[in-house]
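Structure, as C-alpha cells:
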Amino acid sequence: MNRFLDHTGGVLTLVSLTATVVWGLIATDRLLLTPRARLLSQAVHRATAAGALGFLLVHVCVKVTEAHASLLAALVPFSSGVRGAGGLLGLGALAAYLMVLAGATGALRSAFASKGRARRWRALHACAYPAWCAAVLHGLKSGRAPAGWVATSYGLCLIAVAAALALRLVRARRAHPAGSEPPAPAAPPPGRHTMAAAAVRTVTSHRARARVPGPRTAVVHTPGAHALAGRVPAALTAEAGTPETGAHRAPGQAR
C-alpha cells in the first residue's frame, strides 16, 4: 500500500489540482452556462480541491515516512538548497503551501464578500496557478524518471489547463471587446430634499421672469359690468402721477 501511494500519490495530487484549476475556470463562464450549471461547476471545483489537499497530505506523509525527504525539507521550502534535488523539493513544498492558501481562501470566500475585498480574494485565490506550475515541475524532475503513463497524464493536465485558460480569455474578449467603454452608472433617484430644492428653484425662476424691470406704471383695474352700469371710469390707464388725483400733469406745471 505504501509503495502504491509512493508511486501514485504525487500524480493523483497533480491530477486533482489540475481538475480544480480547470473547473474553477469553467465555473466563471457566464455566456454559455446557466446559473444552475455554474453552481454545479463550483461544487465540482470544491470537491476536486478537497481531493487535491487530501492527496497532498498523503503524498507528503508517505515521502517523509519512506525517508525520501526530510521533515525540514517538506515543511520549509528550499531549506535543503535551491539547485538540484533540493530546489525541486523546495518547489514541491512551495506548491503545497500555495495550494493550502488557495483552498483556505476558497473556503473563506464569504469573509471577503464586503466591498473592497473582492480583489484581495482574487489575488489570494489565484495562488492556485503558481501552485500548479510548481507542482508540474516538481513532479516531472524530482525523483526517478516518470513512467509513460505518468508523462501522458502530465501532458493531458497541461493541455486541459491551457485550453480552459484560452477559452476564458476568448469569452472575456467577446464580453468586453477592445475599445468599448463600460456603460455609465445610472443616476440615483432623487430624494425628497432634491425634489424640494428643484421645486423652489422653479418657483424662483418664474417669479424672476414675472418681475421684468421697466417704466413704473400705475395699473388701473377695469371695472366690471356692474360698476360700468352706474359710472364711467375717468381713465383706464395713466402715467404714474400723484396718488391723490390720479390726473396727468404736464412737465413744468405748478402744483
Side-chain angles (χ1 to χ4, degrees), residues 9-61 74-78 90-139 153-154 156-177 180-186 188:
V11 177
L12 293 176
T13 303
L14 180 62
V15 171
S16 300
L17 179 59
T18 303
T20 302
V21 173
V22 171
W23 280 104
L25 291 171
I26 294 175
T28 58
D29 179 67
R30 295 180 179 273
L31 297 178
L32 299 178
L33 296 183
T34 62
R36 185 174 181 179
R38 288 200 301 270
L39 290 177
L40 181 60
S41 300
Q42 292 174 3
V44 176
H45 171 68
R46 296 188 183 98
T48 53
L53 292 175
F55 287 128
L56 173 65
L57 180 61
V58 171
H59 175 63
V60 173
C61 292
L75 296 179
V76 181
F78 305 105
L91 282 176
L94 180 62
Y97 282 115
L98 292 176
M99 287 176 59
V100 172
L101 179 60
T105 53
L108 300 176
R109 183 175 182 177
S110 59
F112 295 86
S114 61
K115 185 177 180 180
R117 294 186 178 182
R119 294 182 179 179
R120 299 179 184 177
W121 179 84
R122 292 190 185 96
L124 293 175
H125 197 64
C127 291
Y129 298 109
W132 179 80
C133 295
V136 170
L137 294 176
H138 168 77
S153 301
Y154 278 46
L156 292 176
C157 290
L158 290 172
I159 295 174
V161 172
L165 186 58
L167 185 61
R168 180 178 179 179
L169 293 177
V170 170
R171 289 174 180 173
R173 289 183 178 179
R174 289 182 179 179
H176 304 283
S180 63
E181 297 181 358

Could you go through residues 91-105 and list every donor-acceptor pair under 3.5 Å that involves a side-chain atom there, pairing it with any protein atom two or more places apart or in another chain?
from, atom 1, to, atom 2, distance (Å)
Tyr97, OH, Leu75, O, 2.4
Thr105, OG1, Leu101, O, 3.1
Thr105, OG1, Ala102, O, 2.8
Thr105, OG1, His125, ND1, 3.2

Q.
How long is the straight-line distance from CD1 of Ile26 back to CD of Gln42, given to the nearest 0.5 Å?
A. 12.0 Å

Q) What residues, two or more places apart in sequence or in another chain, satisfy side chain to side chain contact (heavy atoms under 4.5 Å, CB included) together with Leu12? A) Thr8, Phe55

(Q) Checking Thr34 now: which residues fulfil side chain to side chain contact (heavy atoms under 4.5 Å, CB included) with it, not counting sequence neighbours? (A) Arg36, Ala37

(Q) Side chains of Thr18 and Tyr154, heavy atoms from C-beta outward: is any pair under 4.5 Å? (A) no

Q: Would you indicate whether the side-chain heavy atoms of Leu165 and Leu25 approach each other to under 4.5 Å?
A: yes

Q. Atom NE2 in His45, atom OG1 in Thr28: separation rounded to 0.5 Å?
A. 10.0 Å

Q: For Arg122, enumerate each residue passing the side chain to side chain contact (heavy atoms under 4.5 Å, CB included) test, keeping only those at least two apart in sequence or located in another chain.
A: Ala118, Arg119

**Q.** Minimal non-hydrogen separation, Trp23 against Ser41, with atom names
**A.** CZ3-OG, 3.8 Å

(Q) To the nearest 0.5 Å, what is the distance between CG on Leu14 and NE2 on His59? (A) 10.0 Å

Q: Name all residues meeting the side chain to side chain donor-acceptor pair (under 3.5 Å) criterion together with Thr20; count only those two or more places apart in sequence or in a different chain, and write none if there are none.
A: Thr48

Q: List the atom of Ala52, the atom of Leu17, and the distance in Å for their closest heavy-atom pair.
A: CB-N, 3.8 Å

Q. Can you list the residues that meet the side chain to side chain contact (heavy atoms under 4.5 Å, CB included) rule with Leu158, with sequence neighbours excluded?
A. Trp132, Val136

